[in-house]
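Structure first, then comments.
Atoms within a ligand are numbered from 1 in the order they appear, just like the ligands themselves.
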Amino acid sequence: MDLELTEAERLIRDTARAFARDRIAPQARMHDREEHFPSELLRQMAELGLMGVNIPAELGGAEAGAVAYSLAMMEVSAACASTSVAMGVTNMCAELITRFGTGAQKQRLVPRLTSGEAVAGAFALSEAHCGSDAAALRTTAVRRGPDWVLNGAKQWITSGAHAQVTVVWARTSGTGSRGISCFAVEGRPPGLTAGKPEDKMGLRGSNTVALTFEDCVLPGDALLGEEGDGFRVALVALDGGRIGIASQACGVARACLEASARYARERRAFGQPIGDFQAVRWFLANMRTELSAAELLTLRAASLKQAGRPFTREASMAKVFASEMANRAADKAVQIHGGYGYLDEFPVERYFRDARVQTIYEGTSEIQRMVIAREVLRAAVTS
Ligand code: CAA
């Protein structure tokens, strides 16, 4: 892996860093407290190329690659994970349509996402009875003349009430992972309704809803990829999405570390800054070391993706390690802040709540370990 960043990667990272520091961070507490979806920020981020970091320029993207995308996610996440999850899912949808869409689908949908005209994309796979076992989904899509008619309900859909492009999975035949197809829904066709926003522990500025499809008619060209190939499409997209969440975890952990180091220098106890105590120093040293390990795993997965090489295992390794690391970092950040860490006067209590979902969404830690172990065993059989 080449650890030197290209000019384009540095530019995207620095752009994201400046915008995150100047525009996103000052609003993060408000978005969290008021459960306010950051539509305006997302539009401005689109203007900076952050809604299509790894998308060709001809489709309105920044064409800066998967490493640049990971770096940008880290920067935005260090300021506000609610904003970065909307950014992450929008980039994921844009990439998915770019990879699997027809020429017409790409031209119609991707520029809407990358330009911010469609303020967010949504990824509607999970259902109330199946998050991890995604192939057990029950939403159906049946042909009616040239159209498709969708019936069913999706659960935990990030940006679901705001998205103007929603990628949705439905069963078109059979059972299990075969017979699932993928569709791109534009706008809000009749029969598609969003439930009330979920009242979440963290990421309270992000919008999470159920989506219900009741005799929702989609045009024939809403089908994304081949009929029956939708599960593979979902897993390919999730491999990339997991790099996004690993990057988010690195960003939140970095914010925890920076806040903790600042506090450890300022806060005094027993006549000295608490940063002079070995206990606090060891917390900080471990946080920094684990964060660097997570960043390297994440950028390694991103660089494999960028090189067009297999990266399923590396994405899962990055996701499981980074998300668990971020939870440890957030826990230690609250501990270092003592009683203040438990109050909303300091941001670490928000980091703690925001980090918690990272070991759950885009595939739980248990699913990531399942994916990693499968790959390890497969390699042992074939070597
Ligand atoms: N890429 C491409 N194809 C893949 C693949 C990959 N990474 N992994 C598996 N496949 C293929 C398999 O080869 C197989 O193909 P064939 O049928 O041709 O043999 C097919 O897909 C089915 O694979 P499995 O037998 O492995 O399927 P499974 O039912 O055992 O499930 C799983 C695999 C890994 C557990 C999968 O269900 C999974 O990842 N579950 C977690 C779902 C998840 O991450 N949900 C997150 C929701 S989105 C979200 O959270 C977004 C957000 O809001 C932030």
If you look at each N/O of ligand 1, which protein N/O atoms lie under 3.5 Å away, and at what distance?
unit_1: ligand 1; atom_1: 7 (N); unit_2: Asp239; atom_2: OD1; d: 3.4
unit_1: ligand 1; atom_1: 7 (N); unit_2: Asp239; atom_2: OD2; d: 2.8
unit_1: ligand 1; atom_1: 7 (N); unit_2: Thr312; atom_2: OG1; d: 3.4
unit_1: ligand 1; atom_1: 17 (O); unit_2: Arg178; atom_2: NE; d: 2.9
unit_1: ligand 1; atom_1: 17 (O); unit_2: Arg178; atom_2: NH2; d: 3.0
unit_1: ligand 1; atom_1: 18 (O); unit_2: Arg178; atom_2: NH2; d: 3.1
unit_1: ligand 1; atom_1: 26 (O); unit_2: Arg374; atom_2: NH1; d: 2.3
unit_1: ligand 1; atom_1: 30 (O); unit_2: Arg374; atom_2: NH2; d: 2.8
unit_1: ligand 1; atom_1: 37 (O); unit_2: Ser132; atom_2: O; d: 3.3
unit_1: ligand 1; atom_1: 39 (O); unit_2: Arg242; atom_2: NH2; d: 2.9
unit_1: ligand 1; atom_1: 40 (N); unit_2: Ser132; atom_2: O; d: 2.8
unit_1: ligand 1; atom_1: 44 (O); unit_2: Arg242; atom_2: NH2; d: 2.8
unit_1: ligand 1; atom_1: 44 (O); unit_2: Gly363; atom_2: N; d: 3.0
unit_1: ligand 1; atom_1: 50 (O); unit_2: Glu362; atom_2: N; d: 2.9
unit_1: ligand 1; atom_1: 53 (O); unit_2: Thr158; atom_2: OG1; d: 2.6

Test item: Arg369 and Arg374 side chains (from C-beta on) under 4.5 Å apart, heavy atoms: no
pair Leu284-Ser260: side-chain heavy atoms closer than 4.5 Å: yes
Heavy-atom side-chain contact between Met87 and Met73 under 4.5 Å: yes
Glu214 and Leu150, any side-chain heavy atoms less than 4.5 Å apart: no
Side-chain touch Glu186/Arg108, heavy atoms, less than 4.5 angstrom: yes
Exercise: do Lys200 and Thr208 side chains pair donor with acceptor under 3.5 Å: yes
